[in-house]
**Q** 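I am attaching a structure below and will ask some questions about it afterwards.
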Amino acid sequence: MKKKAIVKVLLTLVILLVLLFIFKSGLYIFSSEGNLSQSQRDVLLRTAAYSLETQDVPVGAIVLYNDKVLSTGYNTVQKDSDVAGHAEINAINNAIRQIGFSKFSKLDRSHLILVSTFEPCMMCMGAITEYNIRHTFFMKGKGLWHWLKNDARQLRYELSKKKFSGDVAQDSLFMLHPKYRIQNTN
């Protein structure tokens, strides 16, 4: 019996590793060539080139809504000494600044697309997810080794994070916010 249980566990681990490899290697991604018009592609590449002026990594991003460029962003980490100055986050910030947070939140997500010259990092993926941008395209992907190193960092974070007491204090701060208070009184 023990031998069968060990074989099942090992088989499960192998399947998980194969699935992880397929997911992280991007084998499941199909080519999406031709999704951008030439003018959108030109805007994207021109925007990325702005990063070079300040020695930032040359990455650009655009937010499209109904196939029109709503905003652009490029890396400004060096320029602004801002760790969140990635092209994708800057493009999202610029879209929100242009039309306002409330209007941005109400956009039909089936027509909202973020396009980047380089596959978004975990921080940018978090922003894309947080602001419910369901369609993301990129020109160049990151390799399997990058994502495996990233997974190791995430695991290290999960194993080293610590919670300390303060729930009541944080809840008190939340309750001072009018929108939070309205959401939680129902």
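All values below come from the heavy atoms of this structure, side chains included, with hydrogens, waters and symmetry mates left out. Residue numbers start at 1 and run along the sequence shown.
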**Q** Under the 3.5 angstrom rule, does the side chain of R109 hit a backbone N or O of L107 as a donor-acceptor pair?
**A**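 Yes: the side chain of R109 pairs with the backbone of L107.
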**Q** Can you tell me how far the NE2 atom of H111 sits from the NZ atom of K68, to the nearest 0.5 Å?
**A**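 Reported value, rounded in 0.5 Å steps: 11.5 Å.
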**Q** Hey, is the main chain of K142 close enough, under 3.5 Å, to the side chain of E119 for a donor-acceptor pair?
**A**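 Yes, because the side chain of E119 sits within donor-acceptor range (under 3.5 Å) of the backbone of K142.
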**Q** For the backbone of A91 and the side chain of S71, can you confirm whether one donor and one acceptor N or O come within less than 3.5 Å of each other?
**A**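 Yes: the side chain of S71 pairs with the backbone of A91.
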**Q** Only one of V43, L44, V69 clears side chain to side chain contact (heavy atoms under 4.5 Å, CB included) with V115; which?
**A**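 Running side chain to side chain contact (heavy atoms under 4.5 Å, CB included) over V43, L44, V69 with V115 returns exactly one hit, L44.
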**Q** Side chains of S51 and V57: closer than 4.5 Å at any heavy-atom pair?
**A**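 Heavy-atom side-chain distance check fails, nothing below 4.5 Å.
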**Q** So how far is it from L112 CG to L114 CG, rounded to the nearest 0.5 Å?
**A**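 CG of L114 is found 8.0 Å from CG of L112.
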**Q** Does the Y50 side chain pair with the main chain of N75, one donor and one acceptor, at a distance under 3.5 Å?
**A**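 No; judged by distance alone, with no hydrogens or angles, the pair does not exist.
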**Q** Using distance only, find each side-chain donor-acceptor pair of residues 96-105 under 3.5 Å and give its atom names and separation, not counting sequence neighbours.
**A**
residue: R97; atom: NH1; partner: N94; partner atom: OD1; Å: 2.9
residue: S105; atom: OG; partner: F101; partner atom: O; Å: 2.9

**Q** Mind listing the side-chain donor-acceptor pairs of residues 77-86 below 3.5 Å, one per line with the distance, residues two or more places apart or on another chain?
**A**
residue: D80; atom: OD2; partner: T76; partner atom: OG1; Å: 3.4
residue: D82; atom: OD1; partner: A84; partner atom: N; Å: 3.0

**Q** Supply the atom-to-atom distance D42 CG to Q38 CD, rounded to the nearest 0.5 angstrom.
**A**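 Here the interatomic distance stands at 4.5 Å.
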**Q** With rounding to the nearest 0.5 Å, note down the distance linking CG in D67 to CG in L36.
**A**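 Here the rounded value is 9.5 Å.
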**Q** Is a side-chain donor or acceptor of T117 paired with a backbone partner of G60 at a separation under 3.5 angstrom?
**A**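 Pair found, side chain donor or acceptor close to backbone of G60.
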**Q** If you round to the nearest 0.5 Å, how far is CZ of F174 from CG of D167?
**A**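 D167 atom CG to F174 atom CZ measures 10.0 Å (nearest 0.5 Å).
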**Q** Atom NE2 in H146, atom CE in M122: separation rounded to 0.5 Å?
**A**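 CE of M122 is found 8.5 Å from NE2 of H146.
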**Q** Side-chain donor-acceptor contacts of residues 126-135 below 3.5 Å, not counting sequence neighbours, with atom names and distances?
**A**
residue: T129; atom: OG1; partner: M125; partner atom: O; Å: 2.8
residue: N132; atom: OD1; partner: R134; partner atom: NE; Å: 3.2

